[in-house]
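Written out below as structure tokens is the structure these notes cover.
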Amino acid sequence: MELIITEKDNAARRIADILSGESADATRENGVNVYEWGGKRCVGLSGHVVGVDFPPEYSDWRDVEPVELVDASIEKTPTKENIVATLRILARQGDRVTIATDYDREGELIGKEAYEIVREVNEEVPIDRVRFSSITENEVQSAFAEPDEIDFDLAAAGEARQIIDLVWGAALTRFLSLSSGQLGNDFISVGRVQSPTLKLIVDREREIEAFDPETYWELFADLIKDDDPFEAQYFYLDEDDNEAERVWEESAAEGAYETLSSADSATVTSVNARTRTDTPPAPFNTTQFIRAASAIGFSAKRAMSIAEDLYTAGYITYPRTDNTVYPDDLEAEELLDSFVGHPVLGESAEDLLEGDGDLVPTEGDEETTDHPPIHPTGEIPARGGDVDEDEWRVYELVVRRYYATVAEPAIWEHLKVVAEADGRQLKANGKRLVEAGYHDVYPYFNTSENYVPAVEEGEELAIGDVELEEKETQPPRRYGQSRLIETMEDLGIGTKSTRHNTLEKLYDRGYIENDPPRPTQLAMAVVDAAENYADRVVSEEMTAQLEADMDAIATGEATLEDVTDESREMLEAVFEQLRASRDEVGDHLRKSLKADKRLGPCPDCGEDLLVRRSRYGSYFVGCDGYPDCEFTLPLPSTGKPLILEETCDDHDLHEVKMLAGRQTFVHGCPLCKAEEAGEGPVLGACPDCGEEHGGELAIKTLQNGSRLVGCTRYPDCEYSLPLPRRGDIEVTDERCDEHDLPELVVHNGDEPWELGCPICNYREFQAREAESGSALESIEGIGAKTVEKLTAAGIESIDDLLEADPESLASTVEGVSEDRVRTWQTAA
DNA sequence: GCAAGGTC
């Protein structure tokens, strides 16, 4: 029996299809798919099925000095037991084994891991390696016709990376965590990829903090041709006869303003027209795909998650690739043909097929062997059936990007007009899209035009409105997620499969908040500490050096031991420096952790007010002077608090935003909110105790900002009805016949919401809940505690749960995984 | 309970 081993199940299935002529049978062994036909079997791994770690005696952080990890031995153990077990069974029965993992360095290592598992149980069997960069009939057939051997040097290069990453990462992570007493869930991590990425964000933040804005002026005048005005901007030439960048002096700006305001015409002194070819974009690699998806509103994580689903379902090719050059055997006509007649995607495909274009695709700079660029397979999902709207939008983006790469360039006409009025110069830059080219099939780029009419040199133009604006130079902008991923790629840190996960890791570790990400004080302190004592680990140089070393191992110029020994020596030297500064580093980290929770001064004692968590998991504001000072403020019960940069003028406290998925809202200054608390207008008699004790219903605002209709005899009477958190509540003159309460209208945004009688409103709400099956508890796998956590995150009904994005929910609710959410959604 | 790299 011949055994073929691939990197993933999906590849195993497709290779089995190709080699068997679609006659392979699928069976399951230990929950692993095995494809079998005519004396052959094909099985897919799941990436790495073994992992590196220290022996168990190193596992207690407190018992082991971090520096001991530098020279500790490293073991390889199975991490996917079922797959390893299956592989062993199949390998025993094999008389020939072919490793068909991905064609890149990590694939070679994964292949070598499979090789070792096979060898353990079968010493004799011949083991080959085949390499192909896309799973197509041609490539696969020819790879299998001429099998090669495993490249053990290349695999060793990958192993060196594993060892160096583990040793540096684990030793330094433990050191920082121990020095600051941050053990358990809130440990402080560093690593070869995450730390330089964090430094990018921190460095940018330092620039922003150090930025000193400068004032400058912008002066615009309307020039008029045939009653049509167009905008021109004042400029002047500097000593070198170049256009000055900006007008920095107020007097110069005002002088020009006065001249232009009193001039009634300007003479055209130059007209410069040129056409520019706007070439279509290159095929999608992972990074460019993430960038394009982010431009239409998807986070990096969400874009990748959708792409993975579309890939697994067979609609697009493998989404983790560095390649930007399509394989030769990808036939444009054939692929475009599969879209002909489609209601949404058909017209563009038909235009491309019928056009004069030669359908030769664009190429990017990166040509690699890993996988083809991301493109549609030709299998089209049903919108609203096979895929939901978000998935469709991502799918359409991938299809249209493919269209763009085989479409014609666009042609722009640029027109620069310079005119002069009383010695003052004005310029206008126009642009017009003459040939839309690929923009017709790829409508994601901005194609807005700027109107400047055709004028001739010497022509007189009337001057219309003149405007002078005072402006300030702006600090550099924070990196957005996709810009960060692009920069990581430029610097060579991380891989196509991990860069987006690295950003998620920084969020999870409390290093960055918000979007675009902003570093926490903790992040600043970690980068500081690393810069002072372990500069390598926050520098992209470490990766650059590692890449060079890995190349040396791969070509046989160095050995794994040479490289890892040298790296261990460097880390040893780092610890030499760190030893004496343990307390100092720990202190700084601890102070920064506190600063991340700080809202401002306590109104009672002047110490710091901090966001804290109660024993029951709810958030509140408490004084750092506790127990001497017992001042506290409540926070809303929905979501996780994020401290904003904005502060309140009255109390000098930072405002708070509550992160709760779709229900995220800005709470504001918690002290203001508490002060606003109180009883509003009385609506009528309390249905519970009105007759007996004279209780009345009133609109109340609680200290945590939530509002309700409650009895004035609270806490003796606990009758209450919910009200929305936001919007002004108007009490109208209309009264409900049944309950004799006024109808309420909520003004929030454009459309006023007629809430009506609060009792009727609450009844309707309950009825809707009951109808939708309501109670979250009714879903299998959700207990009372989970319901509480979900409610806090804004998930109050089954409908909410069904609409929720599993990823963002998993990230906001502790102890809930994406998989669990998906299971609930299926169950619901 | 540490990293980064695969994959789901």
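Within every chain, numbering begins at 1; the chains are lettered A, B, ... in the order of the sequence lines, protein sequences first and strands thereafter.
- Across all strands shown, A:D60 has heavy atoms under 4.0 Å from base atoms, whether or not it also approaches the sugar-phosphate.
- Of the two residues near DNA chain B, A:F187 and A:T79, the one whose nearest nucleotide lies more 5' is A:F187.
- Remark: P of B:dG5 and CH2 of A:W168 are 16 Å apart, rounded to the nearest angstrom.
- For B:dG6, the OP1/OP2 oxygens have no side-chain nitrogen or oxygen of A:R320 closer than 4.0 Å.
- Spacing between atom CE of A:M488 and atom P of B:dG5 amounts to 8 Å, rounded to whole angstrom units.
- In this structure, A:H500 atom NE2 and B:dA4 atom P are separated by 14 Å, rounded to whole Å.
- Atom pair A:E57:CD and B:dC2:C1' shows a separation of 16 Å (rounding to whole Å applied).
- Regarding contacts with the backbone of B:dG6, a side-chain N or O of A:T495 is found under 4.0 angstrom from either OP1 or OP2.
- Following rounding to the nearest Å, A:L571 (CG) and B:dA3 (C1') show an atom-to-atom distance of 12 Å.
- Side-chain N/O atoms of A:K496 include none lying less than 4.0 angstrom from OP1 or OP2 on B:dG5.
- For the pair A:D151 and A:R129, the salt-bridge criterion is not met [side-chain N within less than 4.0 Å of a carboxylate O].
- Contact between A:F54 and A:A170 at its shortest, heavy atoms only, is CE1-CB, 3.6 Å.
- In this structure, A:V52 reaches the bases: a heavy-atom distance under 4.0 Å links it to at least one base atom across the strands shown.
- Of all nucleotides listed (B:dA4, B:dC8, B:dC2), B:dC8 comes nearest to the side chain of A:Y311.
- Contact annotation: A:T498 side-chain N/O to B:dG5 OP1/OP2 distance is under 4.0 Å.
- One N or O donor and one acceptor, one from the side chain of A:D53 and one from the base of B:dC2, sit under 3.5 Å apart.
- Checked against B:dG6, B:dA4, B:dT7, the side chain of A:N501 finds its nearest nucleotide in B:dT7.
- Dashed line: the shortest gap from a side-chain N or O of A:R509 to OP1 or OP2 of B:dA3 is under 4.0 Å.
- For the pair A:K496 and A:D370, the salt-bridge criterion is met [side-chain N within less than 4.0 Å of a carboxylate O].
- Residue contacts shown for A:G51 are absent, as no nucleic acid heavy atom lies under 4.0 Å away.
- With rounding to the nearest 0.5 angstrom, the OG atom of A:S567 is 12.5 Å from the CZ atom of A:R161.
- Where A:T312 and A:Q194 each meet DNA chain B at their nearest nucleotide, the meeting point lying more 5' is that of A:Q194.
- Side-chain atoms of A:S189 stay outside donor-acceptor range of the base of B:dC2, with no qualifying N/O pair under 3.5 Å.
- For the OP1/OP2 pair of B:dG5 and a distance below 4.0 Å, the side-chain nitrogens and oxygens of A:R192 include at least one atom meeting the criterion.
- Relative to the side chain of A:K505, the nucleotides B:dT7, B:dA4, B:dG5 differ in distance, and B:dA4 lies closest.
- Nearest approach of A:L200 to A:Y479, heavy atoms of both residues: O-CE1, 3.5 Å.
- Between A:V49 and A:E113, the closest heavy-atom pair is N-OE1, 3.9 Å.
- For A:I83 and B:dC8, the CD1 to C1' distance is 10 Å, given to the nearest whole Å.
- Rounding to whole angstrom units, CG of residue A:D309 and C1' of B:dC8 are separated by 9 Å.
- Here A:S59 lies in heavy-atom contact (under 4.0 Å) with a base.
- Between A:H371 and A:Y318, the angle of the ring planes lies from 30° to 60°, which puts this pair in the tilted group.
- When the side-chain nitrogen and oxygen atoms of A:S497 are compared with OP1 and OP2 of B:dG6, one or more of them lie within a distance under 4.0 Å.
- Regarding A:D508, its CG atom lies at a distance of 16 Å from the P atom of B:dG1, rounded to whole Å.
- A:L183 comes within 4.0 angstrom of a nucleotide base, judged by non-hydrogen atoms across all strands.
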